[in-house]
Structure formats: structure tokens, C-alpha cells
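All values below come from the heavy atoms of this structure, side chains included, with hydrogens, waters and symmetry mates left out. Everything numeric here is computed off the predicted structure, so don't read it as measured data. By convention in this document, chain letters (A, B, ...) are assigned in the order of the sequence lines, proteins followed by strands, and residues within each chain are numbered from 1.
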Amino acid sequence: MSDFKSLPGFREFYPEALAQRRFLFQVWRQVAVRFGFREFDGPVLESLELFKAKSGDEIEGQLFSFEDKGGREVSLRPELTPTLARMVGAQANSLKKPIKWFNIGDNFRYERMQKGRLRCFTQLNADILGEAGPAAEVELISLLIQTLQGFGLGPDDFYIRLSDRNLWMLFLKSRGFEDAAPRILEVVDKWERMPEEAKAKRLIEIVGEDGSTALRKAIDGFLETKSVEDVLSTFASASVKSDLKVQIDARIQDWEYLTSGLEAMGLSQFAEMDMSIVRGLAYYTGFVFEAFDRAKVNRAIAGGGRYDSLVKKMGGPDMPAVGFGMGDVVLADVLAERGLQPKFVSTIDIFAVIGSDVERPIALSDINLLRQGGFSVDYSFKSQAFGKQLKVASSSGARFALIYGSDELEKDEVTIRDLANRNEETASRSRLLSLLREKLG
RNA sequence: GUGGCUGUAGCUCAGUUGGUUAGAGCAUCGGUUUGUGGUACCGAGGGUCGCGGGUUCAAAUCCCGUCAGCCACCCCA
């Protein structure tokens with residue numbers, strides 16, 4: 001074993017593993033293009049400030065950051081969104097709206113690795129910018145669903161949890177918790193995992209002893225919300241000021257637009273309203289959603305949401321935005337568990353079997369022509385028995401073996417052997433290329 | 001960052017209460033086979049038993065440390 005190991009959390013891809021990896025990318029790219037998204041990319045290394053500005057100092061401990069030789073504080077990107085927001089912001093006026101972009105790229109986090117979590121992972125990011133209404137969410141969530149379907153995953157395998165930070169804010173306002181709302185959402189984010197006493201304690205810290213019981217009841221009640229009808233009844237029971245009422249009604253209309261849009265696409269079975277999703281990061285402003293593995297609780301395959309203020313924060317104009325990310329690590333695990341990761345066999349078109357060093361120059365000449373002609377051709381580097389070479393030919397996955405023996409070359413011919421059915425025919429070397437073009441189409 | 005479990009060949013694993021030169025299957029390479037391939041047979045290469053220290057006449061085996069991996073927390077863009 002070598003003393004030079006790869007770094008923790010960084011993977012090596014041998015050809016077979018790389019083939020599987022490229023399969024993921026291929027499906028990602030194919031579906032995104034089908035939805036009219038355009039591929040872009042940004043730098044892998046950015047200034048540390050870019051990520052600190054967006055996510056806050058707390059995140060810094062997980063950044064893969066260091067000082068470069070010019071004394072700059074830099075970081076490998078932990079996510080693509082800040083870069084995207086900056087890029088779009090810089091050319092916002094000249095870009096056609098809505099902007100539908102996607103990226104497949106490596107991201108980095110410096111943290112302890114575990115299942116589904118490495119220090120270098122690849123994410124599909126898909127974002128729509130310049131569309132403030134829920135039509136963008138319909139498009140993005142349907143892209144997310146169709147992508148997962150593209151891998152053979154169905155409604156028994158995953159579902160989308162839909163939530164809404166905006167609706168949470170309106171709800172908390174309507175119950176009189178407006179000022180503490182951001183801090184309350186932080187608690188809601190961890191609600192499922194928190195022990196009872198911890199919940200009570202945190203709520204008292206936030207709103208004090210008096211309000212905490214009512215708040216507790218409100219949160220538990222709102223978490224039960226499973227449909228637009230539930231939302232309606234939640235707010236119907238509350239007496240709220242008229243300007244707030246207008247906002248709530250507008251938001252309910254957005255929800256109706258979103259759910260009916262997904263229904264029209266035939267995707268209702270995949271989507272569930274689940275207000276427990278608020279997503280940790282502060283930059284989400286509206287709808288948030290996650291794709292969950294049905295087989296394992298608490299395993300998110302993808303997640304995203306709306307971040308309407310980020311482009312402006314990155315120095316651009318006001319520009320609404322929504323997007324999601326899907327990592328390759330969890331996805332590959334999910335596919336492997338379900339046997340949906342195809343087995344890739346490398347194949348070539350033609351394997352040349354060369355009788356001896358006498359025939360070799362002629363064979364090499366043909367091999368080069370066939371390769372120039374677009375065929376993938378392989379051959380044995382050293383002289384070996386015919387049987388041995390045919391064995392190699394067969395395990396190479398080639399469709400045809402070309403046999404360059406002394407008998408054939410006397411007549412300036414080669415034997416074309418179909419490796420599947422073992423039929424042979426002879427062909428003159430001058431016709432070889434056109435004949436193989438017919439056979440291999 | 002915290003805790004638990006696990007490290008023997010490329011892979012999956014044997015290896016007895018500590019006792020000769022650490023094994024098997026698969027894989028790889030070579031041969032049986034300079035004119036015909038999925039089988040078969042024969043053979044070869046491949047290991048500092050994760051690494052370092054300790055106990056012992058003797059350590060893959062027992063002890064300590066360390067590194068790595070897995071799992072659960074924490075966190076999750």
C-alpha cells in the first residue's frame with residue numbers, strides 16, 4: 001500500500017466507478033436540457049468573503065478555506081449559489097428572463113465525513129432567476145421529480161416535502177410572534193430532533209414564560225398543516241388585521257397555483273405539504289422543498305428553495321430566484337440500494353487478431369485506418385496464439401474480430417469473425433472499411 | 001467537535017488458548033494452445049497483518065498510542 005493516500009473525503013474513480021458517475025451526470029444533464037435549462041459554470045475557488053457574506057460566520061468552520069500565496073483568504077466553494085447570484089447580478093440587464101441555468105460541479109466542505117457525506121462531492125444545481133411567481137417553483141420541482149424519475153425512482157421511492165418560510169412568517173405574525181419569528185424558525189428547523197424539555201426551554205428563551213405555551217401550541221398545530229384547505233382553516237380561525245389578511249390571501253393563492261400546477265403535470269402523488277421543513281440557511285425567503293427517500297427517514301436526496309434577496313446582496317439588482325441542489329453521493333447510495341445503478345461494460349467495435357510479427361505491419365496499417373474511420377479498435381501488443389487473442393477479443397466486448405493470418409494476407413484479405421454468433425466471412429482489405437460501416441452502422 | 005465499532009493480498013474473508021516460512025476463493029498474469037474465444041486443468045506474481053511503541057523466549061493474535069474507515073451525535077449549503 002502506498003504511503004501517499006488520497007485525502008480523507010476525496011474519492012478516486014477507477015474506470016468502472018467513473019462510468020457510473022458519468023451515468024448520473026448524463027441523466028442530470030439530459031433532463032435539465034429537456035426543461036430548457038442552460039449549463040454554466042463558475043470558479044471552484046472564491047474569496048472567503050463571498051461565502052461568509054452569504055451564510056454568516058457560523059458556517060466558516062466548515063469551509064475548505066486557506067490563505068493563498070498572495071495572502072488572500074480564499075475558500076473552495078461549499079455551494080454554487082453565491083457564485084450564481086453574483087454572475088447573474090453582474091449581467092442582469094442583458095440576460096433573457098426567466099434565466100434557467102444549471103450546473104454540474106464539485107463542491108467542498110471541510111468536515112467529518114460519514115455516509116452520504118464527503119469533503120468533495122458533485123452537485124446538480126438548477127436555478128430559475130427573474131421569476132417572482134410560483135410558476136418558477138412548479139418548473140423547478142417538476143424538474144427535480146423528473147430527474148429522479150430519470151433514474152428509475154418512483155413514488156414509492158421518494159417524495160417532495162413542500163414548505164414555505166413566507167407562510168410561516170405570516171402565521172407567526174398572525175399569532176403575534178412577529179418580532180421573534182426568525183429565531184422561532186431556527187427552532188422549528190430542529191423541532192423533530194429536539195427533546196421535549198429542550199423545545200420548551202428554547203421557546204421560553206425566545207418569547208418568555210408567558211407566551212411560550214401559546215407559541216408551543218401554535219407551532220405544534222401549524223406543523224399538522226397538510227393541505228391548502230388546512231391553511232385556510234388555520235387562518236380562518238384567527239382574527240387578523242386587514243393588511244395582513246391581504247398578504248395571507250395572496251400567499252394562499254400562490255400555494256393553490258403551485259399545487260394545481262403540479263397536479264396538472266400529474267405529479268401530485270410526489271408532493272406533500274410539510275411545514276417542518278424550513279431549511280437552516282437564512283437566505284431562503286419563500287417556498288422551500290426537499291426530496292426525501294421514503295425508505296430511510298431523514299435522508300434528503302435534494303433540497304432547495306426561494307432566495308429572492310441574494311442577488312441584490314451580491315451587488316446585483318433586485319432579482320427573485322429559486323433553485324435546488326442534488327448531490328451525487330446520497331443519490332448514488334439510493335440507486336445502489338435499489339439496484340438501479342446500471343452495470344457498465346466497456347466495449348469496443350473491433351479487435352484485431354494478428355497472426356505473427358510478419359502480419360503485424362499490415363494489421364497496424366488497417367487498424368489506424370479503421371480508427372480514423374471512427375471505429376474503436378484494439379489489438380494485442382505482443383504475439384500470442386490465436387486462441388489467446390480471441391479470448392481477449394471476446395472479453396473486450398468487441399462485436400467483430402479481424403483475423404490477420406498468413407493465409408488471409410496472401411490473398412490480401414482478412415477474416416471478419418462475428419464474436420457473438422461465431423460466423424466468419426472473408427473480405428478483401430480494400431473493402432474493409434465500407435463493409436464494417438455497413439455491419440456496425 | 002463527541003462517543004462506539006472495525007482495520008490481514010486488488011476484492012470477499014479464514015487464521016485455534018500467543019507457537020515453524022500468514023492461507024483460501026474471486027480477480028490479474030503466464031502455460032496447456034503461432035489458426036479459432038465464455039468451460040477445464042497447471043502454474044506465477046501479489047502482504048512490513050493500517051502505522052508506531054510496549055508485554056513476551058515468541059505477537060496478525062494481548063496492552064497503549066496514532067491514523068484511516070464505518071455508525072450514531074453535532075451540523076447540513
In B/S/- notation (B base, S sugar-phosphate only, - none; protein heavy atoms under 4.0 Å), nucleotides 27-35 of chain B written 5' to 3' is ---SS-SBB
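B:C74 atom C1' lies 13 Å from atom CG of A:D189, rounded to whole Å. Spacing between atom CD of A:E16 and atom P of B:C11 amounts to 14 Å, rounded to whole angstrom units. Rounded to whole angstrom, the span from the CD atom of A:E111 across to the P atom of B:G69 amounts to 13 Å. Residue A:F51 contributes atom CZ, which lies 10 Å from atom C1' of B:A77 at whole-angstrom precision. One interatomic measurement links the two molecules: CD of A:Q389 to P of B:U36, which rounds to 12 Å at whole-angstrom precision. Distance, A:R112 CZ to B:G4 P: 11 Å, rounded to whole Å. The OH atom of A:Y284 sits 12 Å away from the P atom of B:C76 (whole-angstrom rounding). The distance from atom CZ of A:R109 to atom C1' of B:C75 is 9 Å, rounded to the nearest whole Å.
In this structure, the side chain of A:S376 engages the main chain of A:D349 through a donor-acceptor pair within 3.5 Å.
A gap of 28 Å separates the P atoms of B:U36 and B:A44, to the nearest Å. Separation of the P atoms belonging to B:G50 and B:A14 is 14 Å when rounded to the nearest angstrom. Using P as the reference atom, B:G69 and B:U8 are 14 Å apart when rounded to the nearest Å. Across the C1' atoms, B:A72 and B:U28 are found 39 Å apart, a figure rounded to whole Å. Comparing B:A27 with B:U39, their P atoms are spaced 8 Å from each other, to the whole Å. As rounded to the nearest Å, B:G54 and B:U61 have P atoms that lie 14 Å from one another. Nucleotides B:C42 and B:C5, compared at atom P, are 44 Å apart to the nearest Å. Rounded to whole Å, the separation between the C1' atoms of B:U56 and B:C13 comes to 29 Å.
Using a 4.0 Å cut-off between charged side-chain N and carboxylate O, A:D333 and A:R117 make no salt bridge. A salt bridge links A:R216 to A:D220: one of the charged nitrogens lies within less than 4.0 Å of a carboxylate oxygen.
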Audit row: A:F64, A:F66, ring-ring contact (aromatic ring centres under 6.0 Å, His included) steps and yes/no: CA-CA 7 Å; A:F64 213 113; A:F66 52 93; 7.3 Å; no
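Using cut-offs of 30° and 60° for the angle between ring planes, the A:W28 and A:F25 rings count as parallel. Between A:F222 and A:F171, the ring planes lie parallel to each other; the angle is under 30°, not in the 30° to 60° tilted range.
With sequence neighbours excluded, no residue forms a side chain to side chain donor-acceptor pair (under 3.5 Å) with A:S47.
Every pair passing side chain to side chain donor-acceptor pair (under 3.5 Å) that includes a residue from residues 385-404 of chain A is listed here, sequence neighbours excluded: A:D366-A:Y404. Applying the salt bridge (Lys or Arg N to Asp or Glu O under 4.0 Å) test to residues at least two apart or on different chains, the pairs with a partner in residues 432-441 of chain A are A:E425-A:K439.
Residues A:E290 and A:L7 both approach RNA chain B. Their nearest nucleotides, taken by heavy-atom distance, put A:L7 toward the 5′ side. Nearest-nucleotide assignment on RNA chain B puts the 5′-proximal partner with A:G9, out of A:G9 and A:F108.
Side-chain contact check for A:D106 and A:T122: at least one donor-acceptor pair (N or O, by modelled atom type) lies under 3.5 Å. Side-chain atoms of A:N423 and A:D418 include no donor-acceptor pair closer than 3.5 Å.
For the atom pair CD1 (A:I160) and CZ (A:F289), the distance works out to 8.0 Å, reported to the nearest 0.5 Å.
Ranking B:C70, B:G37, B:A77 by closeness to the A:M113 side chain, first place goes to B:C70. The side chain of A:R422 has B:G38 as its nearest neighbour among B:A77, B:G38, B:C70.
One donor-acceptor pair, N or O on each side, does fall under 3.5 Å between the base of B:U36 and the side chain of A:R417.
Within residues 114-139 of chain A, the residues approaching RNA chain B are A:Q114, A:K115, A:R117, by heavy-atom distance under 4.0 Å.
Residue A:R279 places at least one side-chain N or O closer than 4.0 Å to OP1 or OP2 of B:A77.
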With pairs defined as Watson-Crick or G-U wobble and both distances under 3.5 angstrom, please note down RNA chain B as a dot-bracket string, | for pairing with another strand. (((((((..((((.....[...)))).(((((.......))))).....(((((..]....))))))))))))....
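When the shell of 6.0 Å around CZ of A:R431 is examined, it contains 12 or fewer heavy atoms from other residues, nucleotides or ligands.
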